[in-house]
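Following: one structure in structure tokens, then a few remarks.
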Amino acid sequence: MISSQHMSNTPITTTTGKKVLVSGIKSTGRPHIGNYFGAMKQYVEMQHEYDTRIFIADLHSLTSVQNGSELAQATLDLAIDYIAIGLDPEKVTIFKQSDLPEVTELGWIFNCITTMPYLMRAHSFKDAEAKNKEINVGVFDYPMLMAADILIHNADIVPVGKDQKQHVEFARDTAEKFNRIFRGDGKSCEPENALFKLPDVHIIESVETVPGIDGQKMSKSYNNHIPLFSTDEELKKLVMSIVTDSNGGKPMNVYNMHKLFRDETYLEKLYTKNEGKYKILKEALLEDMIAFIKPLREKREQIAKDPDKVRNILARNGALMREKTHALMYEVRKATGLIV
Ligand code: AMP
């Protein structure tokens with residue numbers, strides 16, 4: 001543990017000397033290919049370059065999953081999924097958000113320096129309002145807990161799908177605001193006094209937002225998603241039900257999904273050759289999807305045979321994260337006056 005007497009104002013460096021990458025996914029059901037290509041794939045690709053900390057956002061999940069056994073199962077399942085997609089549990093810190101309870105403390109501190117009109121600018125809130133949905137306070141306040149998730153690690157980089165870009169910007173604003181209020185004169189903060197770094201968002205430009213089977217953004221809440229670990233039969237049913245336009249030519253919904261699995265030079269030829277032949281094109285997509293998903297699913301089945309091993313990884317990493325974020329939280333408490 002880092003001793004509190006030896007803490008400096010400079011952001012915490014890691015024992016590995018690597019920059020810190022933080023991201024997470026809610027355990028609200030099975031992850032889908034939008035989660036994979038938008039976010040999870042980046043985790044795998046970047047895991048060795050960074051001190052990678054990937055969490056299961058179980059506290060965020062509580063805004064929609066309000067059944068204890070369901071949430072616990074979905075959380076364990078997501079930990080298994082993370083390992084199945086290729087995150088190395090010996091190199092990457094896979095942990096449960098709720099095992100680092102200080103994020104709720106930090107989230108509360110951020111609530112106190114954030115205004116309601118500011119949070120009302122969140123796309124997620126605006127969408128809910130436009131649909132006349134009565135949301136809970138957790139959904140409204142979600143960007144502040146997310147800011148705490150990121151800033152508690154003093155993360156350098158946050159890989160997410162495009163839909164989360166605004167939330168990372170909120171985290172940057174919040175870092176800047178905290179620094180200014182509690183480590184500056186209220187108006188500005190000298191760089192050497194800043195406690196929080198401003199994290200950078202990382203989005204795969206070629207992917208941005210993965211479409212669902214109806215062409216809208218793929219999302220569990222729109223029920224248009226393709227679960228990442230689907231069986232071949234499930235994939236067949238879902239791919240064959242992709243909504244296609246009736247104008248002839250290239251079916252864009254099929255093509256936009258297909259380009260996740262194949263390079264576009266190959267696809268251009270395939271789609272030109274089979275212009276208007278939607279069934280053939282869907283079958284080609286299905287074949288490519290199965291070739292990609294089947295090995296992941298089989299690996300997952302192996303990992304799922306030993307859930308206690310996964311539980312142990314989560315417990316060990318939860319403790320590790322509390323230890324690694326302790327020094328920063330000490331500085332937060334000191335700056336805010338919570339230490340007397
Ligand atoms: P969530 O399920 O909201 O916790 O999202 C987990 C991650 O998946 C976040 O980084 C999202 O940005 C990403 N994501 C979710 N849906 C999509 C999508 N349709 N396309 C691209 N990325 C997505």
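One-based numbering, in listed order, for ligands and for the atoms of each.
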Where is the nearest protein heavy atom to atom 9 (C) of ligand 1: which residue, which atom, and how far?
-> Q164 CG, 3.8 Å
Could you list which atoms of ligand 1 come closer than 4.0 Å to a heavy atom of H32?
-> 16 (N)
Min N/O separation K26 to ligand 1 under 3.5 Å = yes
Go through ligand 1 atom by atom and flag the ones less than 4.0 Å from a non-hydrogen atom of G38.
-> 21 (C), 22 (N)
Run the contact test for H225 against ligand 1 with a 4.0 Å cut-off on heavy atoms, strictly below, and give the result.
-> no
Is there a donor-acceptor contact under 3.5 Å linking the side chains of S23 and Y43?
-> yes
Exercise: do D141 and N111 side chains pair donor with acceptor under 3.5 Å | yes
In terms of atom number and element, which parts of ligand 1 are under 4.0 angstrom from non-hydrogen atoms of I25?
-> 4 (O), 6 (C)
Beyond-backbone contact of F229 with I85, side-chain heavy atoms, under 4.5 angstrom | yes
Determine yes or no for a side-chain-to-main-chain donor-acceptor pair under 3.5 angstrom, with E331 supplying the side chain and L195 the backbone.
-> no
May I ask you to check whether Q216 and N224 show a side-chain donor-acceptor distance below 3.5 Å?
-> no
Do you see a donor-acceptor pair shorter than 3.5 Å between the side chains of T52 and K91?
-> no
Taking both backbone and side-chain atoms of M218, is any N or O found less than 3.5 Å from an N or O belonging to ligand 1?
-> yes
Would you call R172 and D200 a salt bridge, taking side-chain N to carboxylate O under 4.0 Å as the test?
-> yes
Looking only at distance, does T209 have an N or O less than 3.5 Å from an N or O of ligand 1?
-> no
Element-labelled atoms of ligand 1 that are located less than 4.0 Å from some non-hydrogen atom of K217 | 16 (N), 19 (N)
Using distance alone, decide if ligand 1 has a nitrogen or oxygen within less than 3.5 Å of any nitrogen or oxygen in G34.
-> yes
Ignoring angles and geometry beyond distance, decide whether D163 reaches within less than 3.5 Å of ligand 1 through its nitrogen or oxygen atoms.
-> yes
Measure the acute angle between the ring planes of F178 and F196, then classify it against the limits of 30° and 60° as parallel, tilted or perpendicular.
-> perpendicular
Atom 2 (O) of ligand 1: the protein heavy-atom neighbour that sits closest, reported with distance to 0.1 Å | N35 ND2, 3.4 Å
Would you check whether G24 has a nitrogen or oxygen atom less than 3.5 angstrom from a nitrogen or oxygen atom of ligand 1?
-> no
Closest protein heavy atom (residue, atom, distance) for atom 18 (C) of ligand 1 = V210 N, 3.6 Å
Using heavy atoms and a threshold below 4.0 Å, how should the contact between M40 and ligand 1 be classified: side chain, backbone, both, or neither?
-> neither
Which atoms from ligand 1 have a heavy atom of V160 less than 4.0 Å away?
-> 10 (O)
Going by distance only, is there an N or O of G161 that falls short of 3.5 Å from an N or O of ligand 1?
-> yes
Are D77 and R300 within salt-bridge range, i.e. N to O under 4.0 Å?
-> yes
For ligand 1, which atoms have a heavy atom of A39 less than 4.0 angstrom away?
-> 7 (C), 8 (O), 10 (O)
Pair T63, N136: side-chain N/O donor-acceptor within cut-off below 3.5 Å | no
In terms of side-chain geometry, is the basic nitrogen of D232 or K294 positioned less than 4.0 Å from the acidic oxygen of its partner?
-> no
